[in-house]
Amino acid sequence: MVPPVAVSPLIKTARWSALLLGVFYGKQRFDYLKPIAEEEKKVEEAEKIARVEQERIAKQLSEANSETILK
């Protein structure tokens with residue numbers, strides 16, 4: 001088995017710097033996108049409520065218009 005190669009301190013520093021910059025960028029990007037996603041979620045919830053209400057009204061109308069024995 002080959003012994004491990006000593007990694008240059010410059011390469012180690014570059015790797016750690018890239019890792020920390022990636023974490024920093026990810027945090028900034030998350031903070032930027034979070035309010036947008038929350039707003040989209042609110043809009044979707046409002047649309048779902050409206051859709052459910054429309055389906056309920058359509059169901060009531062179809063039941064009212066359907067022919068029954070009691071008519």
Side-chain angles (χ1 to χ4, degrees):
M1 193 166 184
V2 179
V5 178
V7 179
S8 167
L10 178 64
I11 293 174
K12 285 183 181 181
T13 303
R15 286 179 178 174
W16 280 101
S17 298
L19 175 66
L20 294 175
L21 285 173
V23 169
F24 179 72
Y25 172 77
K27 174 69 172 138
Q28 280 190 329
R29 185 72 177 161
F30 177 78
D31 290 341
Y32 172 76
L33 293 175
K34 186 175 179 181
I36 296 170
E38 289 174 352
E39 184 63 31
E40 288 176 354
K41 187 175 179 181
K42 288 179 185 177
V43 169
E44 288 175 4
E45 288 174 0
E47 289 174 350
K48 181 180 179 183
I49 291 170
R51 186 177 61 249
V52 168
E53 183 66 19
Q54 287 178 350
E55 289 173 357
R56 185 185 63 80
I57 292 171
K59 184 177 179 182
Q60 286 178 347
L61 288 174
S62 69
E63 288 175 357
N65 292 334
S66 66
E67 297 180 359
T68 63
I69 297 174
L70 301 176
K71 191 173 183 182

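Here, residue 1 is the first one in the sequence, and each next residue gets the next number.
Considering CD of Glu47 and CD of Glu40, their distance stands at 10.5 Å, rounded to 0.5 Å. Atom-to-atom distance recorded for Lys41:NZ and Ile36:CD1 is 16.0 Å, nearest 0.5 angstrom. Taking OH of Tyr32 as the start and CD of Gln28 as the end, the distance is 12.0 Å to the nearest 0.5 Å. For the atom pair Lys59 NZ and Gln54 CD, the distance stands at 16.0 Å (nearest 0.5 Å).
For the pair Lys34/Phe30, a side-chain contact is recorded, criterion being any heavy-atom separation below 4.5 Å from C-beta on.
Side-chain heavy-atom separations under 4.5 angstrom define the hydrophobic clusters, and the remaining members of the one that includes Leu61 are Ile57.
Glu45 has no carboxylate O lying under 4.0 Å from a charged side-chain N of Lys42, or vice versa, which leaves the two without a salt bridge.
In this structure, Arg15 and Val7 approach most closely via the heavy-atom pair NH1-CG1, 4.5 Å.
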